[in-house]
Undergrad: 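Just passing along the structure, written as C-alpha cells.
One-based numbering, in listed order, for ligands and for the atoms of each. The residues of the chain are indexed from 1 along the displayed sequence. Note that this is a predicted model, so its numbers are computed, not measured.
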Amino acid sequence: MLQQNNPLMLREDLPRFDLIKPEHFVPALRTTFSEIKEELVKIENNIIPTWEGLCKPLEDLEVPLEYTWGVLEHLISVKNSAELRTALQECLPDFVELTLQISQSKPIYEGLKQIKQTKEYKSYNDAKKRIIDTKIKLAEQAGIALEGEEKKRFNEIFNKLQRLGSDFSNNVLDSTKKFELVVNNLSDAEGWPKALKMLASQTYNTKHNSKESTPDSGPWSITLDHPSFQPFMQNCKNRELRFKVYNAFVNRAASDETDNTKLITEILTLRNESAKLLGYKNYAEFSLDTKMAKTPEKVYQMFDELEKETKVFAEKEHSEIQKIAADSGFSEELKQWDIPFWAERLREKKFNFTEDDVRPYFPFPKVLDGLFSLCERLFGISIKKSTRTDIPKWHPDVDFFDIFDESGKAIAHFYLDPYSRPSEKRGGAWMNICASRRIYKGKLRNPIIYIECNGTPPIEHRPSLMSFFEVNTLFHEFGHGLQGMLTTINESEAAGVNGIEWDAVELASQFMENWCVNKPTMIKMSEHYKTKAPIPNDLFEKLKSAKKFRAAFQMQRQIAFAKTDLYLHSNYDPSGSESVFDAYKKIANESCIVKPYSDDRFLASFSHIFAGGYAAGYYSYKWAEVLSADAFAAFEEAGIDNEEAIKATGRRYRDTVLALGGSLHPAEVFKLFRGRESNTKALLRHSLNPET
Ligand code: ZN
C-alpha cells in the first residue's frame, strides 16, 4: 500500500477515524518506527547536552506515535476486533523494542546526566528539570546500567511481560463476552428495575438476532458487563441464578482457553526477576521507588489508620444487612451472592428509593450540562460542542467538544464516548490522551482527550437515563480529563497527567466525584426527562446519605485488594504451594467483615494489576482518595455556599493541581493548593460519618 494513501500518515489535525481501517496499521507503524529509529541514530551520534539539543528532539518523536500507536491502542479499547488485535500482535515487538531503544540508550542517558552538570540546567523551569531527573531514574529502572547476559535477560523479560499483559486482558474480554444467562421465567424477573429489563431484552435480541424478546415478557439476557451484572445481583430474587452469575463473574478468565492462572504466575515471577536484576529486593520496592508514597511502610501506615476507624462501622453495616435478611425470612448464612441483594433491600428501606426513582432525573444531556456548568463556575472556563461538522468519529454516539479560557481562546478539546457497547468496547470507564499539550515545530498544540464511559445507552426514543453510579463515573473520568486539558505546561512529558506519580493520578478524578453530592450542582444537573422537574429535595438528601451506604465495606474491600497486590509483589512466592487466590482469601479474611467466597478467582480478571499500570500500586486509589477528600475539604472550609470563596478556591485548584501536572512532585503541588501536607481526616469524615 502506498503510504501517501494511508490515513494514519496524515499526522495533522484529528486522527481520521472515518478513513482508518485495520489494514492501515501495520504498514503505517513500520514506516513510523523506522523513521523514528533514523532520527534516534542522528540524535545519538550528535549528543548536545542541552534541552533544545537533546530533550526537545526526543519529545518531538512522540507526535508520529500519537497518530499511529496511540490510535491503535484507542481503537483496540473502543472498537475491538480480531483484525486490530492481529495488527497489535504484529507490531508489539517492534514497538517494545523501540521504547527500550529510547529508554535504554546509553548516549542519551549520559547526555542527560551531562545536562545536569551544565550552568544552563539551573535556569530551566521545574518541568524541564523534573523531566530530565525522571528520565534518568526511568533509564536506570529500565536497565541502563545492565551489561551482557543480564541486559539480554532483562529485555527478554520486558518483551514477555508486554505480551502477557495483552493476552491477560484479551482473555478477560473474551471470557466476559462468552457468558450469557438467559432468563425465561417471568417470576425470576420479578422486581427487576425497568432499565435492567429493557437492557436485558435488547441484549437478548441482539445476541440471538431475534425480535422475540420484549422488556416485559422476556426472554432476558444477563451478561457480566457492569450495567447488566450489578442491577441483576441487587434485584434477582432467585438465589440460584444469583449464584450462577456471581460465580461466573469472579471466575472470569479462570478456566478453559481463556485461563489467566498460569499467566499470573508467569507475570509475578518475571516481574520479581526483573526487579532483582536492577538491585531491588522485590517488585514492590521497584514500583514504589517512583511513587509519591515511596515505601511500603508509608502505605501500610495509611491502611492502619483507615482500618482502625473503619472496623466498627463495617460491623454495624453487616449486622444491619443480616437483620433485614432474617426479618424477611432468610434463614441461611449470607453468602457473597446474597449480600448485594439484601444490601439493596436495606438501601431501599433506609432511603426508600430505587434506581428507577433516580434514573429519570438524570438524563444524560442534562447531567452533562450540569457537569460543564460546574467546571465553568469553578475554573472560569467554558465548554462547547464543537461547531466543526467534519470531526471524524469511530462511532456515531461519539461527540467532540472544545474548552475555552476566560478570553475565549480554545485551550483544549475532547471526545466523549458515553455508552456501553459490550461487543467491541472494553468495560469500565477511562480517560486517555489523543494528543498531549506541546510545542511542535514552534507552535503550541492544544491537548486532545478521550473520555470513555460505559453508561446505559438510550433505548428506543428515550434518552440515556443514568444511574447515580454512572453519574459519578462520568465526573470521575472528566476529572482526569480536566487535568489533561487545563494544563499550562508546554513540555509534553510533564503536561496534563503525564509525569504524575501513579498514586497521585486519581486525585483530580476523585475530587470531581465529591461534587455529585453537592446540592447546587445536583439541582443543575438533574431534571425529570418527562416532567422537567428538578430532583426533589428529600430524594437528593437520600442520594447523599446513600453514597455513604456500605462505605466501610467498600473501604475494607479496597484495602484487601491493595494489600493482596502489595503482598503478591513482595513476600509472595509464585513457585510455592500457596495459590494467588488463596493469598487473596487469607488477606480478605483478616481484613474484611464480609468473608470471601471459597471459589473466588477474581484475581484472574484483575486487569488493573496484571495488565494495567497498577502493579504494586493498587493502594494508589486509597492514597489519592485521601488527597482528593482533603482537597475537597478546602472548598468546605471556604464555605460551600460562598460563591466568591468557591470561585477563588476553584481558581487556586486550577492553577495548582490541574495546571502543574507532572512538573512538580505531587506533595509539593498539594502543598501549593492546600498550604499544608495531606492527612486522612477528611476521607474518614466524608466516608464514615453519617452527619457530614
Ligand atoms: Zn480514575
Undergrad: Sub-3.5 Å donor-acceptor pair from the side chain of Ser77 to the main-chain atoms of His74, do we have one?
TA: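 Between the backbone of His74 and the side chain of Ser77 there is a qualifying donor-acceptor contact (under 3.5 Å).
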Undergrad: Hey, can you tell me if Tyr621 and Tyr614 have their rings parallel, tilted or perpendicular (30° and 60° cut-offs)?
TA: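 Rings of Tyr621 and Tyr614: parallel, as their planes differ by under 30°.
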Undergrad: Could you pull out the N/O/S protein atoms under 2.8 Å of the Zn ion (ligand 1), ignoring any water?
TA: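 Short answer, with waters excluded from the count: His476 NE2, His480 NE2, Glu506 OE1, Glu506 OE2.
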Undergrad: Any donor and acceptor pair, going by atom type alone, linking the side chain of Asn260 with main-chain N or O of Ala254 inside 3.5 Å?
TA: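 Pair absent, no side-chain N/O of Asn260 close to backbone of Ala254.
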Undergrad: So Phe511 and Tyr653, would you call those rings parallel, tilted or perpendicular, with 30° and 60° as cut-offs?
TA: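 Ring orientation of Phe511 relative to Tyr653: parallel.
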Undergrad: Under 3.5 Å, is there a donor-acceptor pair between the side chain of Thr258 and the main chain of Ser175?
TA: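 Judged by distance alone, no pair lies under 3.5 Å.
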Undergrad: Would you find a donor on one side and an acceptor on the other, under 3.5 Å apart, between the side chain of Lys425 and the backbone of Asp417?
TA: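 At least one qualifying donor-acceptor pair exists.
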